[in-house]
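Quick one: structure below, then a few questions.
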Amino acid sequence: MENKKEDFDMLVTGKEILQDAHKNGYAVGAFNINNMEIIQAIIDAAEETRSPVILQASQGGIKYAGIDYISKLAKVAAEKATVPVAIHLDHGTDFDQVMLCIRNGFTSVMVDGSRFPLEENIELTKKVVEIAHAVGVSVEAELGKIGGTEDHIKVDEKDATMTDPDEALRFAKETDVDYLAIAVGTAHGVYKGKPELDFDRIKTIKKMTNMPLVLHGSSGVSYDDIEKAVSLGINKINIDTDVRMAFADAIKEFIKENPDEIDPRNILKPARANMSKIVAEKMRVFGSAGRA
Ligand code: G3H
Ligand code: ZN
């Protein structure tokens with residue numbers, strides 16, 4: 001009988017990946033997944049650069065593909081990969097969704113209680129941490145409010161609030177969360193102007209919490225700023241918009257040049273290659289290349 005022991009060997013927890021990044025001062029990309037081609041593009045880039053990687057599905061992504069398809073596609077990717085892969089829920093605002101992902105084999109979940117007052121955010125995060133840790137799943141939470149739009153999450157510029165370092169310390173201690181998403185000036189979606197990152201805030205929160213920190217809304221942030229943020233303590237970098245743009249640009253270009261093409265494989269192939277190129281570029285900038 002075939003020995004199946006090695007199946008999912010490269011499927012690891014988010015904590016395993018991010019503790020190493022925290023200890024050694026680099027960041028790992030967490031890229032949003034919605035279909036097979038996006039997953040393949042990300043894994044190809046991770047293999048090419050020898051980088052650990054986090055495949056993350058948002059509640060919108062899960063709604064689009066279905067929990068069975070998205071979790072099984074991601075698991076196949078991890079099974080075939082030769083680099084460490086974590087499967088993560090991005091912005092889990094709904095407790096039941098978080099539980100669904102844990103039940104479906106995600107190795108990391110984000111519980112996003114950032115819309116609640118501090119006490120309620122702590123309470124919700126604690127509850128998820130207790131359950132997730134009991135079954136070996138890592139947890140990310142968000143403190144402060146990151147601006148912009150991502151799927152169902154919309155935060156007006158005027159409502160975005162930076163993370164308070166004292167609150168971050170209290171939050172980390174009381175919840176026992178594994179990594180913390182902080183609001184330091186980035187926003188979800190396409191930027192209108194140049195994002196202004198509060199580097200001192202990153203430095204202070206890192207010093208006080210001494211834990212892996214997460215940067216959301218990282219598409220469109222200059223590579224100089226990304227490198228500085230990583231040097232000050234960011235260990236997980238969330239990217240969605242830039243991959244969407246790489247996908248859409250390649251498809252538009254291909255259709256323009258080949259208006260009569262009807263084979264989805266021919267249309268999607270250049271999009272997959274273009275996404276992989278941008279993901280690999282980011283892995284090099286984040287410092288995760290060569291860590292696997
Ligand atoms: O949670 C996902 C990220 O924060 C995506 O942000 O669309 O600006 O890349 P982005
Ligand atoms: Zn985000």
Side-chain angles (χ1 to χ4, degrees), residues 14 18 27-34 38-39 41-42 45 53-64 70 74 86-94 97-98 101 106 108-115 121 125 138-157 159-163 177 179-197 202 212-223 225-226 229-230 234-249 274-275 278-283 285-286:
L18 293 174
V28 175
F31 302 92
N32 284 78
I33 57 170
N34 300 299
I38 300 175
I39 294 174
I42 299 164
V53 68
I54 298 169
L55 300 174
Q56 61 182 14
S58 67
Q59 289 178 179
I62 292 169
K63 199 169 161 198
Y64 170 77
I70 210 74
I87 304 174
H88 174 76
L89 167 67
D90 186 30
H91 292 287
T93 51
D94 179 67
Q97 276 281 325
V98 177
C101 290
F106 281 43
S108 175
V109 288
M110 175 181 187
V111 51
D112 183 351
S114 61
R115 67 198 177 283
N121 191 355
T125 304
S138 321
V139 182
E140 171 181 340
E142 178 176 323
L143 190 61
K145 274 199 195 82
I146 295 158
T149 302
E150 191 192 6
D151 287 347
H152 66 295
I153 298 169
K154 282 191 182 65
V155 178
D156 271 4
E157 218 174 296
D159 297 323
T161 38
M162 298 269 194
T163 306
V177 74
Y179 20 101
L180 187 63
I182 53 173
V184 289
T186 56
H188 291 127
V190 180
Y191 286 99
K192 286 185 201 102
K194 184 187 177 307
E196 294 295 336
L197 271 72
I202 299 175
L213 299 177
V214 185
L215 189 68
H216 282 245
S218 311
S219 295
V221 178
S222 77
Y223 285 165
D225 282 358
I226 290 281
V230 173
I234 293 293
N235 304 110
K236 174 175 180 276
I237 300 187
N238 284 19
I239 299 283
D240 188 4
T241 302
D242 278 346
V243 176
R244 290 181 182 197
M245 276 163 58
F247 178 84
D249 287 350
N274 205 36
M275 290 187 285
I278 187 85
V279 170
E281 182 181 296
K282 289 190 186 285
M283 286 169 168
V285 174
F286 299 167

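We count ligands from 1, going down the list as the structure has it; atoms in each ligand are counted the same way. If you read the sequence from its start, that first residue is 1, and numbering goes on from there.
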Can you pull out the closest protein heavy atom to atom 7 (O) of ligand 1? Residue, atom name and distance to 0.1 Å, please.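 Residue, atom and distance for the closest contact: Thr241 OG1, 2.5 Å.
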Does any non-hydrogen side-chain atom of Met110 lie less than 4.5 Å from one of His216?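 Yes. Closest side-chain heavy atoms under 4.5 Å.
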Does Asp225 pair with Lys194 as a salt bridge, N-O distance under 4.0 Å?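 Result for this pair is yes, salt bridge flagged.
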Under 6.0 Å from the OH atom of Tyr223, do we count more than 12 heavy atoms belonging to anything else shown?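 Atom OH in Tyr223 is crowded, with more than 12 foreign heavy atoms closer than 6.0 Å.
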Could you pull out the closest heavy-atom pair between Cys101 and Val109, with the gap in Å?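 That closest heavy-atom pairing would be CB-CG1, 4.2 Å.
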Could you tell me the residue and atom name of the protein heavy atom closest to atom 3 (C) of ligand 1, and the distance to it rounded to 0.1 Å?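 The closest heavy atom on the protein side is Asn238 CB, 3.2 Å.
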Would you mind listing which atoms of ligand 1 come within a distance below 4.0 Å of any non-hydrogen atom of Gly189?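 Per the distance check, 7 (O), 8 (O).
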Contact between ligand 1 and Asp242 is defined here as a heavy atom of the residue under 4.0 Å from a ligand atom; is it met?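 No.
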Should the proximity of Ser58 to ligand 1, defined as any heavy atom under 4.0 Å, be assigned to the side chain, the backbone, both, or neither?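 None of Ser58 does.
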So if I count the atoms of ligand 1 from 1 in the order they appear, which ones are less than 4.0 Å from some heavy atom of Asp90?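 What qualifies from ligand 1 is 1 (O), 2 (C).
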If the test is side chain to side chain contact (heavy atoms under 4.5 Å, CB included), which one of Asp240, Asp90, Ile239 qualifies with Gln56?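 With Gln56 as partner, Asp240, Asp90, Ile239 yield a single side chain to side chain contact (heavy atoms under 4.5 Å, CB included), made by Asp90.
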Under 4.0 Å from a heavy atom of His91: which atoms of ligand 1 are those, numbered in the order shown and with their elements?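 Result: 1 (O).
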If you measure every N or O of Asn32 against every N or O of ligand 1, does any of those distances drop under 3.5 Å?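 Checking ligand 1 against Asn32, no N or O pair falls under 3.5 Å apart.
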So if I count the atoms of ligand 1 from 1 in the order they appear, which ones are less than 4.0 Å from some heavy atom of Ile239?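 Listed by number with element: 9 (O).
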With a 4.5 Å limit on heavy-atom distance, are the side chains of Leu143 and Thr125 in contact?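 Answer no - side chains too far apart.
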Option of least heavy-atom distance to atom 5 (C) of ligand 1 (set: Asp112, Asp240, Val221):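 Looking at heavy atoms only, the winner is Asp240.
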Among all protein heavy atoms in this structure, tell me which lies nearest to atom 9 (O) of ligand 1, with the distance rounded to 0.1 Å.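 Protein heavy atom at minimum distance: Ser219 OG, 2.5 Å.
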Could you check whether atom NZ of Lys192 has more than 12 heavy atoms from other residues, nucleotides or ligands sitting under 6.0 Å from it?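 Result for NZ/Lys192: open.
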Close side-chain approach of Ile42 and Val53, heavy atoms under 4.5 Å: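 A side-chain contact under 4.5 Å exists here.
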Report, rounded to 10°, the angle at the Zn ion (ligand 2) between the two atoms NE2 (His188) and ND1 (His216).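 That angle is 120°.
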